Amino acid sequence: MITKQKGMVDVYGDYSKKWMYIEDAIRSVFEHYNYNYIRTPILEASELFHRSVGDSSDIVTKETYDFIDRGDREVTLRPEGTAGVVRSYIENKMYGDAIQPIKLYYSGTMYRYERPQSGRLREFSQYGCEVLGTNDPAMDAEIISIPVNLYKLLGLKNVKVKINSLGDEETRKKYHDALKKYFKDSIDTLCDDCKERYNKNPLRILDCKVDGDKEIIKNAPKILDYLSDDAKNRFEMVQKYLDLMQIEYIIDENIVRGLDYYNHSVFEVVADVKDLGPGSVLCGGGRYNKLVSELDGPETSAMGFAGGLDRLLLVLEHEDIKLNIKNEIDAFIMYVNDLEKEYAISLNQALRMNGFTTDTEYNGRNLKGQFKQADRLHARYLIILNSDDIKNGNVKIKDNLTKEEQIIAEADLVDYLDMNS
Ligand code: HAM
């Protein structure tokens, strides 16, 4: 038997119903915020991720699915959505569009060659958004509010919004120097990756999955003490707008994010659920004002976030939240002989064309078996065909809730179902 790849899931059955429900909720929230849907390829040039997510991030150094394609091109299955959206923004010259800022949302499959565990997969689905063309701190607050609203809508209660600022270039430079000085004498006590990070990007040490809990890392200098005046003012404005939107948050200086492109606001929304480990981070994002120009586009301020769909479902399950999923069909059409079957097939088609969810018998069950099947499908109505009724232009319909039966003209069936379902 051929089995699925490690760290990948099949979405089917009740799980797929929940999945579709969540995707609908996500779409609806983004549409309310006036974002447009964007769909970019899953496969991109490897260089895109090296130059955006960054050569000092774990994602690029250890986790990408890289291939040489049949045309000898280096390609990568996208590990996240931002890089592809920014590439598309530049390639399609969206910076020239009349309506600015450009507000885009997406939902799709991402690939990271990580060690699979609860809430951490190798193939996972991310929903997210990117806003390109504004540096207004009010937009930072808008973006942070999106997942907060989504989780509220879905009924999640124990979520925490953690925000931080990584400041501007001046801040980053001062902070990098401070970290280098701080870790100079102790770098040998940290893992090999951290030694490399020390040279490439010391900020990454704070995000280390191996040493992250060590006192030495916990006691490292904090970035907020190094914010330039501009960066500090900006961070305060973001907080003011969040207050105005009545979004509760905590400032957490340990949020540095695992991707290299961030500056200024960064944030994560975390579910307060025990034993979920990394699975409890529902989403994360931040501002990346340099990325568009680093990828050869014009200077463009931008910010976005992304969340894991698989994780969201996991947390909903842990919090025992029942989603309002439609789990019934409008009608099940039952028949016994061939003539009735022909009638069933055309009636089924007609009802579906009128917008009803209907089904009929395809396994040759007798009438008793069909009643059972209708119950399994949670059919609201049973349409029980009979040759005499058909000849007279009638059908028998049974309300599966009240168990009431009546004969009605076939011509009145659509109106009847419309009024009653
Ligand atoms: P990220 O923090 O790497 O950010 O991922 C965002 C979210 O994707 C995580 O919070 C988590 O919910 C989910 N996620 C990440 N890795 C996995 C995995 N292996 N299995 C399941 N879920 C996972 C980004 O990807 C940035 N592009 C976010 C962003 C958008 N920043 C600005 N714009």
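Ligands are counted one by one from 1 in listed order, and the atoms in each one are counted from 1 as well. Because the structure is a prediction, the values reported are computed rather than measured.
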- request: Could you name the option among E80, R112, E114 that has the heavy atom nearest to atom 3 (O) of ligand 1?
  value: R112
- prompt: Can E142 and K103 be counted as an ion pair, charged N to O under 4.0 angstrom?
  reply: yes
field: Closest protein heavy atom (residue, atom, distance) for atom 7 (C) of ligand 1
entry: A306 O, 3.4 Å
message: For E130, which part has a heavy atom under 4.0 Å from ligand 1: side chain, backbone, both, or neither?
response: side chain
- line: Heavy-atom proximity to atom 28 (C) of ligand 1, picking from S52, G307, G284, points to G284
- prompt: So, D58 and R112, do they make that salt bridge, N to O below 4.0 Å?
  reply: no
message: Does the residue G119 have a heavy-atom contact with ligand 1, meaning some pair of atoms that are separated by less than 4.0 Å?
response: yes
statement: So for Y113 against ligand 1, with non-hydrogen atoms under 4.0 Å, the contacting part is neither
- prompt: Which heavy atom of the protein is the closest neighbour of atom 14 (N) of ligand 1, given with residue, atom name and distance?
  reply: F124 CE1, 3.6 Å
Single hit among V159, V270, V161, L314 for side chain to side chain contact (heavy atoms under 4.5 Å, CB included) with L282: V159
message: I'd like the name of whichever of Y106, Y262, Y288 reaches closest to atom 31 (N) of ligand 1 through any heavy atom.
response: Y262
Lys/Arg-Asp/Glu bridge criterion (N-O < 4.0 Å) met for D140, R234: yes
- line: If we number the atoms of ligand 1 from 1 as shown, the ones under 4.0 Å from a heavy atom of C283 are 10 (O)
query: In the protein, which heavy atom is nearest to atom 26 (C) of ligand 1, and how far is it?
result: Y261 OH, 3.3 Å
message: Less than 4.0 Å is my threshold; does some heavy atom of D310 fall inside it relative to ligand 1?
response: no
field: Nearest-neighbour protein heavy atom for atom 4 (O) of ligand 1, which is reported as residue plus atom name and distance
entry: R257 NH2, 2.9 Å
- request: Mark up the atoms of ligand 1 that fall under 4.0 Å of a heavy atom belonging to F305, in ascending order.
  value: 29 (C), 30 (C), 32 (C), 33 (N)
Pair R27 + E31, salt bridge at N-O below 4.0 Å: no
query: Quick one: side-chain contact (heavy atoms from CB on, under 4.5 Å) partners of T64, sequence neighbours excluded?
result: D66, T76, P79
Beyond-backbone contact of D55 with T61, side-chain heavy atoms, under 4.5 angstrom: no
- prompt: Are the charged groups of E47 and R51 less than 4.0 angstrom apart, N to O?
  reply: yes
field: For atom 11 (C) of ligand 1, the protein heavy atom that lies nearest, with its residue and separation
entry: R311 NH1, 3.3 Å
field: Where ligand 1 meets V281 - atom numbers and elements under 4.0 angstrom, heavy-atom basis
entry: 10 (O), 11 (C), 12 (O)
task: Could you tell me how the ring of Y127 sits relative to the ring of F305: parallel (under 30°), tilted (30 to 60°) or perpendicular (over 60°)?
output: perpendicular
task: Using a strict cut-off of 4.0 Å, indicate which atoms of ligand 1 neighbour a heavy atom of G285.
output: 31 (N)
- prompt: Which of the atoms of ligand 1 are close to L121, meaning less than 4.0 Å from one of its heavy atoms?
  reply: 18 (C), 19 (N), 20 (N), 21 (C)
field: Parallel, tilted or perpendicular, as decided by the 30° and 60° cut-offs, for the rings of F30 and Y35
entry: tilted
task: Please list all pairs passing the ring-ring contact (aromatic ring centres under 6.0 Å, His included) test where one or both residues lie in residues 72-102, with sequence neighbours left out.
output: Y89-Y95
field: Protein contact to atom 5 (O) of ligand 1 [nearest heavy atom, distance to 0.1 Å]
entry: Q126 NE2, 3.2 Å
- prompt: Does the distance from a Lys or Arg side-chain N to an Asp or Glu carboxylate O, for K160 and D252, drop under 4.0 Å?
  reply: no
message: Suppose I only count heavy atoms of T82 and a 4.0 Å limit; which atoms of ligand 1 are within that range?
response: 26 (C), 27 (N), 29 (C), 30 (C), 31 (N), 32 (C), 33 (N)
statement: protein heavy-atom neighbour closest to atom 32 (C) of ligand 1 works out as G304 O, 3.2 Å
